[in-house]
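Heads up, the thing below is written out as structure tokens.
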Amino acid sequence: MTNELSAAGVSVGTRICTEFENRFGHQADVVQQTVNWLADKGVTLAFDLLGALAILLLGWLATRLIVSAVGKAVSKGRQKDTLLANFVRNATSKVCWSVLLVLVLGQLGVNVAPIVAGLGVTGFILGFAFQESLGNLASGLMIAVNEPFKIGDYVIVAGHEGSVRKVDIMATVLATGDNKKVIIPNKSAWGSPIVNFSALGQRRVDLKIGIDYGCDVGKAIRIALETLPTVSGVLSNPAPAVFVASLDDSQVTLNIRPWTEGATYWAVYNDTLMAVKAAFERNGIDIPFPQLTVHSV
């Protein structure tokens, strides 16, 4: 009986060992193969990784120095960075990182020759797939070279009015007067008329104020001309101008045109209206409301 139990125990143990080997033997082989590969190639792989990290670190430092030097060279002789300098820095950075990536892959043993050779075909295909993006890129380069506006300028671009907040290689960003963010693709920005209110520094404020037909027009013009220099922000050169614009149904319309710096345009606009209205009221110059005279027959 004891011998039978021993034989049964041996049989069960053999079956367990066989099942364990069937289930985990393959994984053990994989682990053993991995250990053998690491023992054979591990040192070489470690040196390759260290070399790749060294190339990456040195390349990062070199890229920063190159981008900085290129930006300074493009901006040389200018008081501050230009759109062209930003564009060139951006493009130089991307080129440097592309070259660095190829060097790192080569250090890791990747054959980069097919990758480089395939870039031509890939670029041809992508050219068709991303025509719109390439158009924005080309237009961004034209904006950077010609600089029709700069950061902070108040402009009308592609029918949108606002201050320029950002210009990159793909789009121009405006902030409207009511603080809305408008993103305009560079292809649309460069392909439409651009009105830059800040480029020339000074702006003329154009106001129209009507006076009653019974008032002395010469006196009204004189009072307006005397009032304009008292408004803060109004320039003496160019000198303000006031003249009759039109003879309308209910009023004689005067054009009142002071000059100011671009940054103070709206303040001068508002202050001039208030100052001229107050001066007219003090001197008996009436500003009429629309009226209709009916004659009986």
Side-chain angles (χ1 to χ4, degrees), residues 56 59-101 119 122-123 126-205 233 259-270:
L56 191 61
W60 173 69
L61 293 173
T63 296
R64 292 191 62 181
L65 292 174
I66 292 172
V67 171
S68 177
V70 169
K72 289 179 180 178
V74 175
S75 301
K76 188 175 181 180
R78 299 173 184 263
Q79 293 183 351
K80 55 185 176 181
D81 290 344
T82 61
L83 297 180
L84 178 59
N86 293 332
F87 185 93
V88 172
R89 272 197 294 262
N90 200 334
T92 303
S93 176
K94 286 178 171 55
V95 170
C96 289
W97 278 106
S98 299
V99 173
L100 183 59
L101 178 61
L119 288 178
T122 304
L126 292 177
F128 282 101
F130 298 100
Q131 292 184 48
E132 191 70 23
S133 296
L134 292 176
N136 289 326
L137 180 63
S139 298
L141 177 59
M142 295 301 295
I143 291 174
V145 171
N146 293 278
E147 288 193 333
F149 47 75
K150 61 182 183 296
I151 305 301
D153 282 355
Y154 194 82
V155 298
I156 297 178
V157 177
H160 298 278
E161 183 173 347
S163 299
V164 180
R165 289 293 180 85
K166 180 182 178 182
V167 182
D168 57 30
I169 61 176
M170 298 302 293
T172 297
V173 180
L174 303 183
T176 63
D178 54 351
N179 205 31
K180 294 177 182 176
K181 181 179 179 180
V182 181
I183 302 175
I184 305 171
N186 282 335
K187 186 176 180 180
S188 299
W190 183 248
S192 65
I194 297 172
V195 181
N196 191 332
F197 297 100
S198 305
L200 302 179
Q202 298 173 347
R203 289 185 63 184
R204 189 182 71 190
V205 181
W259 287 80
T260 186
E261 299 294 338
T264 58
Y265 177 87
W266 291 111
V268 170
Y269 187 102
N270 178 72

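Taking every heavy atom of both residues into account, A189 and I143 meet most closely at CB-CD1, 4.2 Å. Of all non-hydrogen atoms in D153 and S198, the two that sit nearest each other are OD1-CB, 3.5 Å.
The structure places CE of M170 at 11.0 Å from NZ of K187, a figure rounded to the nearest 0.5 Å. To the nearest 0.5 Å, atoms OG1 (T260) and OH (Y265) are separated by 10.0 Å. One finds the CD1 atom of I184 at 6.5 Å from the OG1 atom of T172 (value rounded to the nearest 0.5 Å).
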Exercise. Begin from the C-alpha positions of V167 and F149 and carry the test side-chain contact (heavy atoms from CB on, under 4.5 Å) through to its verdict.
Key: CA-CA 9 Å; V167 182; F149 47 75; 3.7 Å; yes
Practice problem: Would you please test V182 and T176 for side-chain contact (heavy atoms from CB on, under 4.5 Å) and show each step? | Solution: CA-CA 7 Å; V182 181; T176 63; 3.6 Å; yes
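Heavy-atom neighbours of L61 CG from other residues, nucleotides or ligands within 6.0 Å: above the threshold of 12.
Between the side chain of N186 and the backbone N or O of D168, at least one donor-acceptor pair lies under 3.5 Å.
Qualifying side-chain contact (heavy atoms from CB on, under 4.5 Å) partners for W60, counting only residues two or more places apart in sequence or in other chains: L57, R64, W97. For S192, there are no side chain to side chain donor-acceptor pair (under 3.5 Å) partners, not counting sequence neighbours. Residues passing the side-chain contact (heavy atoms from CB on, under 4.5 Å) test with E261, sequence neighbours excluded: Q202, L235, T264.
Sorted by first then second residue, the salt bridge (Lys or Arg N to Asp or Glu O under 4.0 Å) pairs that include residues 194-205, not counting sequence neighbours, are R204-D206.
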If you look only at distance, which donor and acceptor atoms sit under 3.5 Å apart when one is on a side chain in residues 158-165 and the other is two or more places apart or in another chain?
from, atom 1, to, atom 2, distance (Å)
E161, OE2, Y154, OH, 2.9

